[in-house]
S.K.: 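Quick one: this structure, given as structure tokens, is what I'll be asking you about.
Throughout, protein chains are lettered first and strands after them, A, B, ... in sequence-line order, and every chain is numbered starting at 1.
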Amino acid sequence: MTDTIRSLTAEKIEQARADGRTAFIGYLPAGYPTIEDSIEAAVQLGNNGADIIEIGLPYSDPVMDGEVIQLATAEALENGFRVADVFHIVKEVTSRTDAAVVIMTYWNLVDRMGVDEFSRRFAEAGGAGLVTPDLVPEEASEWFEASDKYELDRIFLTAPSSPDERVKLTVDSSRGFVYAVSVMGITGARGEVSNAAERVVRRAHEAGAPRVCVGLGISEPQHVAEIGSYADGAIVGTALVAALRDNGPQAVGEITRNLVTGASKK
Amino acid sequence: MSTPIERPAPGSYEHDGDFQQLQGPYFGRYGGQWMPESLMAALQEVEETFRHAVKDPEFTAELNDLNANYINRPSLLSEVPRFAQDHPGVRIFLKREDLNHTGSHKINNVIGQALLAKRMGKTRLIAETGAGQHGVATATAAALFGMECTVYMGEADTKRQALNVARMEMLGAEVKAVTIGARTLKDAINEALRDWVASVDTTHYLLGTVTGPAPFPEMVRYFHQVIGDEAREQSLEQTGKLPDAVIACVGGGSNAIGLFHGFLDDKDVELYGMEAGGAGVETGKHAAPIALGRVGVLHGARTYLMQDEDGQTIDSHSVSAGLDYPGVGPQHAFLHDTGRAIYQPVSDSEAMDAFKLLTRTEGIMPAIESAHALAGALRLAAKWVADGVVDKSTPQDEQKVIIVNLSGRGDKDVSTAATWFGMVPEDQTEAGE
């Protein structure tokens with residue numbers, strides 16, 4: 001990890017640790033169901049206990065997403081969402097919550113705008129970093145450059161299938177935290193968190209990652225508590241998106257309050 | 001903010017020959033591995049198995065045996081003088097991949113990759129399919145090797161290629177209709193990738209074209225190189241020289257790269273790839289990403305894509321389901337930029353005219369995909385005649401020779417063609433959109 005540059009997500013995770021909590025990271029798609037409601041939902045998320053908010057950029061070909069998120073992002077696109085709208089969303093959410101805001105994006109959207117241009121506008125809006133599900137460090141040279149220039153966190157993913165040398169590569173390339181994929185599969189709430197998760201986190205820690213957060217399949221407070229016993233943060237997506245879909249932005253606040261009860265280690 | 005269209009002029013990229021030696025993961029600035037981390041280990045395993053296998057005499061012997069005794073290789077190189085009759089001085093030959101087992105070039109790659117899957121100890125094959133040809137070929141290989149098989153197909157394609165769905169199911173494959181996104185080939189690839197992320201321990205993703213992350217573009221090309229190698233030899237035997245031009249249709253571009261490869265370093269042989277121009281590139285309803293000229297990353301590779309100003313994939317349109325893909329193999333992107341190959345769009349109607357002409361003059365019904373290449377041959381022949389390069393007095397040994405890759409047979413397209421040409425009463429049409 002490169003720690004000479006200030007990392008907003010690292011600060012949030014360390015703050016949670018100091019408070020005796022597992023960091024809580026919530027995902028919501030930008031522009032779903034509308035731009036305004038997506039801002040409202042993210043504010044609910046941030047003001048009810050999320051340390052980091054992950055805003056997903058709707059993309060036409062989201063290969064790592066399960067049905068709930070696919071349908072939500074497809075709806076956002078049908079409603080006319082444009083990539084540049086995300087900067088407005090990030091600006092609103094950072095000004096109305098204390099959470100660090102990262103964007104989760106498939107790489108072509110950044111590539112098309114231009115990596116430098118995207119990074120500049122995102123940093124200006126107050127953004128903290130990017131989660132990049134289809135970008136591996138080998139293809140990220142432009143992103144390394146831009147993320148250093150604009151002091152953004154690089155959150156790469158590590159998976160149960162990653163061999164040791166790739167875990168090391170991911171850890172060395174990341175800043176802020178490493179995103180541990182808990183299961184071989186796509187996003188979606190699951191009954192229990194895969195028992196592979198603990199091993200993925202341990203390997204990333206052993207490779208030198210100071211902060212490792214777990215995503216995929218987390219939907220209950222006890223999942224958060226369980227993950228907190230070995231990881232630095234828990235990432236929830238589908239459960240929040242389903243709540244937003246069914247009951248609107250207020251429901252995101254409610255489910256977040258419930259989920260973060262699992263985050264307390266006191 | 002809109003990004004200007006980036007479109008390097010053909011020939012603007014310097015490359016000093018030795019095109020045949022090109023390996024992945026990059027072809028110039030194209031290709032790569034833009035993939036989820038979860039799949040990187042599997043890609044590494046596929047690549048290692050592939051590199052090892054091609055040097056193993058046992059593997060090549062088994063592949064050659066299946067090529068000869070299962071696929072029916074070598075495929076014929078047939079001259080079609082009546083098809084070429086309006087262009088005196090031009091001889092047109094067809095590389096008859098339509099005569100392969102299962103009716104198209106797709107089987108070449110499928111048998112090769114299925115052998116690799118066996119070596120890796122995988123027991124299940126998954127594939128995407130557009131027209132159904134690659135799905136049928138994969139289902140066939142699964143039956144031959146006793147493997148499980150799941151084929152993903154866009155719901156729109158399951159309707160326009162209903163007969164191929166039945167063929168795959170008959171062969172024991174499970175066909176999953178993809179009901180999300182545009183419901184065509186690209187969405188089938190998305191679903192296959194989602195399946196693979198969760199099943200990679202037991203499953204090989206048998207990608208059907210020269211796109212995707214490394215090593216697929218290079219590996220799929222390798223299994224199709226036999227097309228160009230045979231054609232080169234057959235041309236020398238039958239005409240005493242190399243062809244002046246070789247032409248193939250380009251969706252993802254596997255049949256084209258298979259044909260081109262044998263001629264890449266023969267500088268005097270012109271290479272043409274015909275993209276699906278749909279209703280016309282100017283209408284936006286097409287599947288011609290090189291003509292559109294926007295570079296991006298999709299399904300693991302950096303290449304030319306059908307995409308909007310934001311980088312969202314644009315739905316592609318073509319009368320031929322097999323060319324209805326919004327990207328193109330990264331090596332084609334590279335060959336375009338270097339100027340080594342020339343890519344042009346062919347409209348639906350131009351392709352259908354060529355479809356009919358070959359059927360009526362030679363009794364060979366081509367796949368509509370291949371009809372795009374036939375249209376390209378007619379276009380080139382007409383140009384040579386118009387430019388006075390050849391005429392009816394040109395002696396045979398100075399006549400121009402074109403080889404067209406007839407990548408598949410047209411049985412699957414009869415319903416689409418009958419609708420196109422108005423041979424079916426309105427209320428009985430089931431395809432043709």
S.K.: Minimum heavy-atom separation for A:Asp111 to B:Arg302, with atom names?
M.R.: OD1-NH2, 2.5 Å
S.K.: If you count heavy atoms of other groups shown closer than 6.0 angstrom to CD of A:Glu67, is the number above 12?
M.R.: no
S.K.: Go through the atoms of B:Ile314 and report whether side chain, backbone, both or neither lie under 4.5 Å from a heavy atom of chain A.
M.R.: neither
S.K.: What residue, out of A:Thr132, A:Leu77, A:Leu71, has the most heavy-atom pairs lying under 4.5 Å from chain B?
M.R.: A:Leu77
S.K.: Need one label for A:Val181: side chain, backbone, both or neither, based on atoms under 4.5 Å from any heavy atom in chain B.
M.R.: side chain
S.K.: Which atoms of A:Glu165 are under 4.5 Å from chain B, going by heavy atoms: the side chain, the backbone, both sets, or neither?
M.R.: side chain
S.K.: Mind checking the CZ-CG spacing from A:Arg82 to B:Asp308? Nearest 0.5 Å is all I need.
M.R.: 6.5 Å
S.K.: With chain A as the partner, which of B:Asn190, B:Asp187, B:Ile180 has the greatest number of non-hydrogen pairs under 4.5 Å?
M.R.: B:Asn190
S.K.: Could you state the interatomic distance from CD (B:Gln33) to CG (A:Leu135), rounded to the nearest 0.5 Å?
M.R.: 12.0 Å
S.K.: Output the option from B:Ala41, B:Ser199, B:Ser38 having the highest count of non-hydrogen pairs under 4.5 Å with chain A.
M.R.: B:Ser38
S.K.: Please name the residue in the list A:Asp61, A:Val63, A:Asp134 that meets the side chain to side chain contact (heavy atoms under 4.5 Å, CB included) test with B:Leu298.
M.R.: A:Asp61
S.K.: Calculate, to the nearest 0.5 Å, the distance between atoms CD and CZ belonging to B:Gln312 and A:Arg112 respectively.
M.R.: 11.5 Å
S.K.: Verify the neighbour count for atom CZ of A:Arg199: are there more than 12 heavy atoms of other residues, nucleotides or ligands below 6.0 Å?
M.R.: no
S.K.: Minimum heavy-atom separation for A:Ser162 to B:Glu37, with atom names?
M.R.: OG-OE2, 2.8 Å
S.K.: More than 12 heavy atoms of other residues, nucleotides or ligands under 6.0 Å from CD of A:Glu124: is that the case?
M.R.: yes
S.K.: Chain B heavy atoms under 4.5 Å from A:Pro58: which part of the residue, side chain, backbone, both or neither?
M.R.: backbone
S.K.: Look up atom CD in A:Gln70 and atom CD in B:Glu191, then write down how far apart they are to the nearest 0.5 Å.
M.R.: 6.0 Å
S.K.: Could you tell me whether the side chain of A:Asn108 and the main chain of B:Gly311 form a donor-acceptor pair under 3.5 Å?
M.R.: yes
S.K.: How many angstroms lie between atom CD of A:Glu138 and atom CE of B:Met40, to the nearest 0.5 angstrom?
M.R.: 4.5 Å
S.K.: CD/B:Gln44 to OG/A:Ser161 distance, rounded to the nearest 0.5 angstrom?
M.R.: 10.5 Å
S.K.: Which atoms form the tightest heavy-atom contact between A:Tyr59 and B:Thr313, and what is the distance?
M.R.: OH-OG1, 4.2 Å
